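Beneath this line is the structure, given in structure tokens, with notes to follow.
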Amino acid sequence: MESKHIEEMGFGSESVAKIIRERRSIKEFRQDASVSTELILKLLNDAVWAPNHGLREPWRFILFQEDGRKTLADAIIKETFSKEEQEKKAEHFSTYIMNIPAHLLVVMKADPRPKQWEEDLCATSALIQNFQLLAWEKQLGVIWKTNNYNWDPRFHKAVGIEPGEKVVATLHIGYFDKVPKPRPRTPAEEKTKIILTY
């Protein structure tokens, strides 16, 4: 197959930079608008084109939607909350989980070799950012959460995470009405050391 010309590939478009700058982490989701499984899978099928060493594709996904959200809520509450937390926070937390249209666990194989582990974590993180940007393009909000239950073997067992796997993220996904204000970033010039001569 012949290589495509640069013009055909769309190089030079400013759309990617615009989406990167405009994307926000969304914390408040509309409860009246579900997110289809088909859309999430479509976004994932584009997101998996993230760079990954040796094409190991170390990731897999567990998606909680509709009544399946209760499985996630129960796994967190019953397996990782203390008795006191269950008494004080269980109802509120369960409502919080059920009010978000979709939850996606991003899981990776935890390779015991340090170099491969680090490469795989970087690749999986790149996939997650791809997913967030693709979702934003579809006016779909995402927030990337890392929680204490990521490391809890009781939670792992409850949701089907296998031994030797690591939870990299819980992505909360849904449509939204309000876009948070941007928070400034430090210019790259302030964090770049440039070496021009030997």
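Every value quoted in this text rests on a predicted model; they were computed, and no experiment measured them.
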Okay, side chain of [X], backbone of [Y]: is any donor-acceptor separation there less than 3.5 Å?
X: H172; Y: K145; result: no
X: R69; Y: M98; result: yes
X: R185; Y: R183; result: yes
X: Q139; Y: Y175; result: no
X: S94; Y: A90; result: no
X: R24; Y: E22; result: yes

Inspect the surroundings of [atom1] in [X] and state if more than 12 heavy atoms from other residues, nucleotides or ligands are less than 6.0 Å away.
X: E28; atom1: CD; result: no
X: E85; atom1: CD; result: yes
X: E66; atom1: CD; result: no

Checklist line | Test side-chain contact (heavy atoms from CB on, under 4.5 Å) applied to V167 and D152, N147, V106, I161, the passing residue | finding: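 Testing each of D152, N147, V106, I161 against V167, the sole residue satisfying side-chain contact (heavy atoms from CB on, under 4.5 Å) is I161.
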
Check: Taking only residues two or more places apart in sequence, or in another chain, which ones meet R113 in a side chain to side chain contact (heavy atoms under 4.5 Å, CB included)?
Finding: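 Side chain to side chain contact (heavy atoms under 4.5 Å, CB included) list for R113, sorted by chain: D111, Q116.
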
Checklist line | Nearest-0.5 Å distance that lies between atom CG in L105 and atom CG in L72 | finding: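 With rounding to 0.5 Å, CG (L105) is 6.0 Å from CG (L72).
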
Checklist line | For Y198, the rest of its hydrophobic cluster, which grows through side-chain links under 4.5 angstrom | finding: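 Members other than Y198 - counting any ILVMFWY side chain reachable under 4.5 Å - there are none.
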
Next item on the list: Flag the pair K115 and E119 as a salt bridge only when some basic side-chain nitrogen lies within less than 4.0 angstrom of an acidic carboxylate oxygen.
Entry: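 Between E119 and K115 there is a salt bridge, with a charged N closer than 4.0 Å to a carboxylate O.
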
